[in-house]
Each structure stands twice: as C-alpha cells, then as structure tokens.
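In the text below, chain A, chain B and the rest are named by the order of the sequence lines, each starting its count at 1. Worth knowing before you read on, the calculation uses all heavy atoms, side chains too, and leaves out hydrogens, waters and symmetry mates.
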There are 4 protein chains.
Amino acid sequence: MTVSDQLKADKRSRIVEAAARVFASKGYAGAVVADIAIQAEIGKGTIYEYFDSKEDLFFAVFEWYLHRTGSAAMVSIGALGGSAAERLQALSASLMNLWDEIRDVFALVMEFWAASSSSQMRQRFKDAFRQGYDQYRALVASLIRDGMQRGEFRPDVDIESVAAALVGTWDALLLQAWFDSRFDPIAAANGFIDVVIQGMASTRQT
Amino acid sequence: MTVSDQLKADKRSRIVEAAARVFASKGYAGAVVADIAIQAEIGKGTIYEYFDSKEDLFFAVFEWYLHRTGSAAMVSIGALGGSAAERLQALSASLMNLWDEIRDVFALVMEFWAASSSSQMRQRFKDAFRQGYDQYRALVASLIRDGMQRGEFRPDVDIESVAAALVGTWDALLLQAWFDSRFDPIAAANGFIDVVIQGMASTRQT
Amino acid sequence: MTVSDQLKADKRSRIVEAAARVFASKGYAGAVVADIAIQAEIGKGTIYEYFDSKEDLFFAVFEWYLHRTGSAAMVSIGALGGSAAERLQALSASLMNLWDEIRDVFALVMEFWAASSSSQMRQRFKDAFRQGYDQYRALVASLIRDGMQRGEFRPDVDIESVAAALVGTWDALLLQAWFDSRFDPIAAANGFIDVVIQGMASTRQT
Amino acid sequence: MTVSDQLKADKRSRIVEAAARVFASKGYAGAVVADIAIQAEIGKGTIYEYFDSKEDLFFAVFEWYLHRTGSAAMVSIGALGGSAAERLQALSASLMNLWDEIRDVFALVMEFWAASSSSQMRQRFKDAFRQGYDQYRALVASLIRDGMQRGEFRPDVDIESVAAALVGTWDALLLQAWFDSRFDPIAAANGFIDVVIQGMASTRQT
DNA sequence: TATGAATGAGTCTTCATTCAT
DNA sequence: CATGAATGAAGACTCATTCAT
C-alpha cells in the first residue's frame with residue numbers, strides 16, 4: 001500500500017513538474033497535453049488518471065508552485081532573531097534570492113495571473129491569490145508591528161499600506177527582472193528596503 | 001481620401017476597442033475572433049482587412065492600452081511644479097487614480113504579461129515591456145535625482161533601486177486590488193509613498 | 001436571398017442524406033463525422049455550420065426519415081375511395097411497398113429505436129416515436145371505425161387494439177425482412193390483412 | 001474442479017447480468033466496461049478473463065436474454081391442451097405477460113436490433129435473429145396448421161403469413177409499450193388475437 | 001486467478017483564416 | 001471594401017484492452 005501510494009505520488013509529481021515546464025514555456029493555452037505526457041515520459045492517457053482535466057492539472061501546478069516558493073520564503077523568516085529591520089532585510093533578501101531558482105518558471109506566475117482573469121478558471125485562481133496575498137501582507141504587517149512595539153519604527157507608520165506595498169514591490173521587481181535580464185532585482189530590493197526601513201525608523205536613527 | 005481614411009481609422013479603433021473588451025473578459029486564447037466582430041458590429045472577415053492576424057490585433061490592443069494609460073499618467077507629471085516629494089506624491093496619486101478607469105480592462109495587463117511568456121508572441125511583448133519599464137523607471141529616477149539635487153533627498157539614496165521599486169509597487173498594488181475588491185490601492189499607495197519619501201529625506205526633515 | 005437560402009437548404013440536405021447513408025451503414029456510434037463530410041463532399045467543419053453536434057445531425061436524419069416515409073405512406077391513403085376493407089388493404093400494400101425503397105436505410109430505424117433507449121438522446125426520440133405511433137394508430141383506427149359505421153365491420157371489434165396491432169405488424173414485418181432477405185413482407189402482409197379483415201367482417205360476409 | 005467451475009460460472013453470470021443492466025441503460029456504445037466491472041463488483045481486468053472483448057460480452061448478454069425470455073415463453077406452450085385457438089390465445093397472453101418482467105431490459109432488444117446493422121457485429125446478430133424468428137414463426141405456424149387440421153381454421157388461410165405477422169405483432173406491441181407507458185400491450189394483444197382467430201375460423205363459428 | 005494502472009488510437013469539436021461574391 | 005460560408009488543422013479527452021504484479 002505504502003509502496004504503491006509512494007509510486008503514485010511520485011508519478012503525480014513527475015506529471016506536475018513536466019506540466020510546469022511546458023506551461024512555463026508555452027503558456028496555458030499553448031501547452032499541449034500530449035507534450036506534457038512526453039515530458040513526463042508517460043502515456044497521454046495516464047495524465048487523466050491523475051487529473052480530471054488540463055485545467056485541473058494547471059491548478060495542481062499552481063499549488064505546486066505556491067508550495068515550492070512559499071516554503072522557501074517562510075523558512076527564512078522563522079529562523080530569524082535580530083531586529084525587525086534586520087528581519088525585513090532578511091526577508092527581502094531571501095525572496096529576491098529565489099529569483100535564480102524561479103527564473104525559468106516565472107512565466108508560470110504570469111500564466112496564473114492571467115488565469116485569474118479568463119472567465120473559465122477565474123474564481124479558483126482569484127480566490128487563491130487573494131488568500132495568498134492576505135497571508136503575505138499579514139506576515140509582513142506583523143513584522144512591522146513587532147518593530148513598532150520594540151520602538152524601532154515610528155508609531156504613525158501606516159502598517160497595512162507598507163505591508164501591502166512591500167509585498168507588491170517584491171513581486172514587481174521579479175517581474176521587471178523577467179522583462180529585462182540586465183535588471184538586478186536583488187540589488188534593487190536591497191537599495192529600496194533600506195529606504196523603507198529608514199522611512200519607518202524612529203527619528204533618532206542615524 | 002481624407003474622409004475615407006478617417007472612416008478607416010474609425011473602424012479600426014472600433015475593432016480595437018471591441019477586441020479590448022473581449023480579450024479582457026475571455027483572455028487572449030479564450031477570445032474568439034467572431035465575437036470581436038460581433039462586438040465591433042462588423043463582419044468577421046473585415047477584421048482581416050485591418051489586421052493580419054488575431055495576434056496582430058492583440059498587439060494593437062496592447063498599443064492602444066499603453067497609449068490610453070500612458071498618456072493619462074504622463075499628463076499629470078508634466079503639469080507639476082512643487083517639491084520633488086510633492087511631485088512623487090502627485091505621480092503616485094494620479095497613477096492609482098487610474099484604477100477606477102482601468103479596473104475593467106486590467107485583466108488585459110495580465111494577458112499582456114502572459115503573452116510575454118508564451119513563446120509565440122514572446123519577444124514582441126517582452127521588448128515592449130522592457131522599454132516601457134525603462135522609460136518609467138527613468139522618469140521616476142529623474143524625479144528623485146531632481147529632489148536630490150535640490151537637497152530634499154539624501155545623496156546616498158540608491159536612485160535606480162528606488163525608482164524601480166516604486167514603479168513596481170504601483171503595478172503591484174493594482175494587482176492586489178484586482179484580486180481583492182476590498183483592497184484600496186489608493187490608500188496603500190498614499191501611506192507608502194510617505195514612508196519612502198521620509199526614508200529618502202535629508203536628516204533634518206521633521 | 002432566396003438563392004442563398006436555396007443553396008443553404010440544398011447543402012443542408014446534402015449533409016443529411018450523406019449522414020443517413022453513413023449512420024445506416026455504421027450505426028450512430030460507429031459513424032464518424034469526418035466520413036459524413038466526405039460523403040457529402042464538404043469540409044468537416046461545414047457540418048458544424050449546419051448542425052450543433054453529431055447528435056443534432058442524427059436527429060435531423062430522423063426527421064428526414066419520418067418525412068420521407070411518412071409522406072409516402074400518407075399519400076396513398078388520402079387518395080382512396082373504396083370500402084374500408086379495400087382501403088386497409090391498400091394502406092397495408094403501400095406501406096409494404098416502401099420496403100424496396102427503404103431497405104437500404106432501414107438500419108436507421110433500428111438506430112432510432114436504440115437511440116430512444118441510450119440515455120443521452122432518449123427523451124427526444126422517445127417522444128417523437130410516441131407521437132408518431134399515436135398518429136399512426138389514430139389513422140388506422142379511424143379507418144376501422146369508418147368501416148364499422150358503414151356496417152362492413154362488426155361493432156364488437158376492439159378498434160384501438162386492432163389499430164395498434166396492425167401498425168405494429170407492419171413495422172415488424174419489415175424488421176423480419178431486414179433479418180432475412182428471403183422473407184417477403186409484402187406477401188405476408190397481404191395474407192395477413194385478409195385474415196384480419198375477415199376477422200372484423202360482419203357475419204354475413206362470404 | 002467442479003467447485004471452481006461453479007464459481008467460474010457464477011462469476012461469469014454475475015458479469016453478464018451486470019452487463020445487461022449497463023447495456024440496457026446506456027446502450028452498447030455508451031456502456032463503459034469499467035462500469036460493468038463496478039456493477040459486477042469485480043476488477044475491470046477480470047472481465048477479460050471471461051470474455052474476449054466488449055463485443056463478445058454483448059453477445060453473451062444477447063444469448064442470456066434469448067434464454068431468459070425464450071424459455072419463459074416456450075414453457076407456457078408445451079403445457080397446453082385445448083383448442084388451437086385457445087393455445088394461440090394462451091401463447092399471446094403469456095408473451096405479453098413477459099412485459100412486466102422484461103420492461104427494464106427491453107432497451108436491450110433495441111440494442112440487439114441495432115447491433116444487427118452496425119457493420120461490426122452485424123452478421124453474428126443478424127444470423128441469430130433470423131434463426132430466432134424462423135423458429136418462432138415455425139412454432140406459430142405449427143399451431144395454426146394444427147388448428148387447420150382439426151378443422152378449427154379454414155384451409156385457405158395463408159399460414160406462413162399469419163404466423164410471421166403474429167410473431168411480428170407481439171414484438172411490435174412491446175415496442176409501442178416501450179415508447180408509451182400508458183399503452184397496454186396485453187389488452188391490445190387480447191383484442192387483436194380474437195380478431196385474428198375469428199378471421200381464420202371455419203365459417204360455422206358463431 | 002484477479003487486478004487496476006498504463007496506454008494511445010480514435011473522435012468530436014472549435015476556430016483562425018481564406019476567398020468568392 | 002465588406003462579408004460570412006467554408007475549411008481543416010489541431011487538441012482535449014475517452015475508453016477498450018493489456019500486462020506486470
């Protein structure tokens with residue numbers, strides 16, 4: 001049982017990863033299920049043993065992607081000790097450091113975004129994104145709030161706004177990197193996070 | 001001639017605007033040329049008198065969109081006097097104020113992003129986006145540089161990074177608004193731009 | 001307009017007749033839309049300009065068949081003068097005479113019957129059949145009733161039963177002819193209708 | 001061995017009966033082998049231990065059906081004494097009385113008929129049907145011939161025609177009952193057989 | 001012997017594009 | 001110029017059948 005379950009799970013992820021590659025390079029609509037099967041080195045029909053439809057598979061890729069990047073990011077946060085500012089910097093850095101790892105599947109993110117607008121899968125993705133952003137913003141907000149309670153940050157900072165904006169900034173820097181290979185999102189994030197921290201800092205900061 | 005050219009241009013933009021609506025609601029792949037023709041109240045074949053292909057039409061919609069939003073944004077900048085900080089705030093505000101106007105075609109942006117990854121139209125869109133972001137960043141950078149020269153902003157601010165990040169932030173706040181109708185991008189941008197300005201400000205700012 | 005409507009109707013019936021041939025020889029499930037297109041000498045996609053689906057086309061064939069046979073049969077009845085017995089004989093004969101004409105599409109009838117049981121198209125066909133049989137039985141019943149009123153037939157004959165049975169008999173004789181090419185439905189119908197008429201006749205018949 | 005053979009036969013008929021249900025409700029083409037396996041509460045592969053193909057299984061269902069109904073009908077005949085007329089009436093009644101029992105698998109009959117036209121299984125079914133009808137007609141014919149020899153029926157009755165027609169009528173009355181649940185095949189058969197008997201009767205009948 | 005995971009041939013259907021009118 | 005009927009390439013999906021366990 002366990003063995004076969006293991007096999008099944010293995011094959012499932014083989015398919016998901018193959019699909020991720022194909023969706024990333026051709027887009028959702030451009031991807032051909034048969035190609036995914038070839039990439040996964042299985043029969044075309046087998047895909048339908050694991051997923052109800054192409055759309056379903058795409059959503060599975062979405063979840064795979066969330067898990068993959070989400071866990072990478074989260075790890076770096078829990079581990080941290082220092083000041084709120086340091087932790088923000090660390091978070092920023094670790095997110096941007098994902099870039100190299102993510103680069104070749106970043107196209108997926110745009111496909112996910114697009115999927116949230118094409119009426120077919122709209123709600124499913126839109127809901128997931130909303131929830132994801134909610135969590136993300138909440139995480140950053142709590143980091144800032146923490147810094148505020150420690151006296152690192154000024155009390156009049158609009159926490160929610162800053163959290164939302166920072167989350168967005170990280171997303172968008174990767175997007176710019178996607179469009180321009182000469183653009184360095186890590187450097188940009190570093191330079192920027194310092195300004196933001198400075199902007200939130202209690203007056204007596206140097 | 002001029003009259004007929006005028007007619008031609010009119011019909012062309014009728015098609016583009018109809019296409020924008022359809023692409024926005026169905027996505028590029030989901031949009032059906034015949035639907036666009038119906039929306040534009042013309043014959044299906046007529047579209048091919050004005051555009052070589054569906055892809056071509058999509059690119060025309062892209063250009064139409066850039067023009068539409070770009071001009072709206074740019075206007076607000078040129079007109080401005082005041083301090084660099086004020087101008088940044090004004091820029092931020094005017095961009096976010098586009099939201100209500102853009103909302104119903106914002107799905108297009110995600111389609112454009114996605115198009116920049118589907119190998120078919122990839123380069124065309126990718127190039128356009130790179131160029132667009134370059135200009136955008138340059139604009140913001142020049143604003144900051146200006147503020148630096150006036151002594152408003154500290155000289156050690158990493159101009160390019162902040163410019164890139166701000167441009168990204170605005171994009172991404174709209175994205176979050178797209179996913180969550182309760183999210184207010186205007187408020188978030190306002191709260192955030194203040195922090196950023198504060199962060200760049202020469203020490204003696206209050 | 002009229003010309004193009006004419007063309008359209010022509011093409012539609014070209015398709016229906018091609019479909020009738022293919023459905024008759026392969027059965028509904030075994031028929032391939034592409035084959036029908038080839039038979040009709042049109043492009044595969046063209047079929048979908050005229051019919052929403054294979055099922056729809058099949059139903060159109062059904063209607064075509066009903067019309068084709070129905071009208072042939074009805075004609076022979078209206079024209080008749082003689083006694084009720086003569087008219088029954090004539091009806092019987094004219095129905096059976098359809099056999100040669102119908103023979104090569106009779107397989108269709110069985111497909112229609114089967115369609116009335118496969119849950120997919122069930123109701124549509126079942127309703128049509130019920131209605132068709134209702135009309136048929138009513139027709140025969142009125143013929144018998146007429147004979148009864150003229151005093152040709154005994155008053156204690158169960159009109160509805162005889163009508164239903166006769167209608168069924170004709171159907172079933174063709175069915176037997178279908179299974180056995182040596183079986184002569186015309187002769188059988190002739191021999192039988194005489195017995196039935198005899199059985200309904202007022203006692204003083206010779 | 002005997003025990004295992006018994007088991008084997010049991011499982012075989014479990015499959016056949018499950019198949020009968022599924023074929024009856026979905027039609028031959030619409031039936032899915034996997035569904036049959038589920039109905040039979042066995043593994044999908046097991047079916048292929050007992051039957052070479054779906055078609056084979058379908059034919060087995062056909063034989064099962066013939067056996068099931070055939071034996072039921074035949075029984076009632078052999079047992080009879082009485083006059084030829086009485087025996088015809090009894091046969092008619094017993095066939096029609098099968099209706100309630102058959103009703104829910106009657107769809108199968110239409111599938112069998114249809115199968116005799118789809119080129120794939122055509123001959124196999126067609127032959128079986130021809131043979132079945134031959135036997136049936138012979139049975140009825142012998143009944144009539146018997147009555148003729150006893151002097152019950154007139155000598156000029158066309159035995160073969162009446163036999164064929166009667167056999168057909170019974171079939172067709174069930175068909176009409178299938179299409180219209182309000183139609184009572186038993187009543188119709190009763191009313192009709194009397195007329196037919198009357199029609200064959202020697203003149204001196206009351 | 002029984003099983004069900006794997007397979008790929010086979011089909012319906014869609015839709016961008018063409019072109020005769 | 002404008003049109004929309006015709007087209008066929010392309011692709012998601014189904015399912016009978018096989019075969020390793």
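The side chain to side chain donor-acceptor pair (under 3.5 Å) test with D:D127 singles out one residue from D:Q123, D:R124, D:Q131, and that residue is D:Q123.
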### Summary
A correct 5'-to-3' footprint of nucleotides 16-21 of chain E, with B, S and - meaning base, sugar-phosphate only and no protein heavy atom under 4.0 Å, is SBB---
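Going from atom CD1 of B:I47 over to atom C1' of E:dC15 covers 13 Å, rounded to whole Å. One interatomic measurement links the two molecules: CZ of C:R14 to P of F:dA5, which rounds to 16 Å at whole-angstrom precision. Rounded to an integer number of Å, the gap from NZ of D:K26 to C1' of F:dA16 is 17 Å. In this structure, C:D56 places its CG atom 13 Å from C1' of E:dT13, rounding to the nearest Å. One can place CD of B:E41 at 11 Å from P of F:dT3, the figure rounded to the nearest angstrom. Distance CZ (D:R12) to P (E:dT1): 15 Å, rounded to an integer number of Å. Atom CD1 in D:I15 sits about 13 Å away from atom P in E:dT1, given to the nearest Å. Rounded to an integer number of Å, the gap from CD1 of B:I36 to P of E:dC15 is 12 Å.
No donor-acceptor pair closer than 3.5 Å links the side chain of A:K54 to the backbone N or O of A:V32.
One distance of note links NZ of B:K11 with CD1 of B:I47; it measures 11.0 Å at 0.5 Å rounding. Between the CG atom in B:D35 and the NZ atom in B:K44 there is a gap of 10.5 Å [rounded to 0.5 Å]. With rounding to the nearest 0.5 angstrom, the CD1 atom of D:I15 is 7.0 Å from the OG1 atom of D:T46.
Taking only side-chain atoms of A:K11, from C-beta outward, the nucleotide of E:dA6, F:dT7, E:dT7 with the closest atom is E:dA6.
OP1 or OP2 of F:dA2 lies within a sub-4.0 Å distance of a side-chain N or O belonging to B:Y50.
Ring-centre distance between B:F129 and B:F62: below the 6.0 Å cut-off. Not less than 6.0 angstrom separates the ring centroid of A:F112 from the ring centroid of A:Y28.
Taking the six-membered ring where the residue is Trp, B:F106 and B:W178 present tilted rings, their angle falling between 30° and 60°.
In DNA chain E, runs of at least 3 consecutive Watson-Crick or G-U pairs, each pair with both distances below 3.5 Å, span E:2-21 with F:2-21.
Residues satisfying the salt bridge (Lys or Arg N to Asp or Glu O under 4.0 Å) criterion with C:R21, sequence neighbours excluded, are absent altogether.
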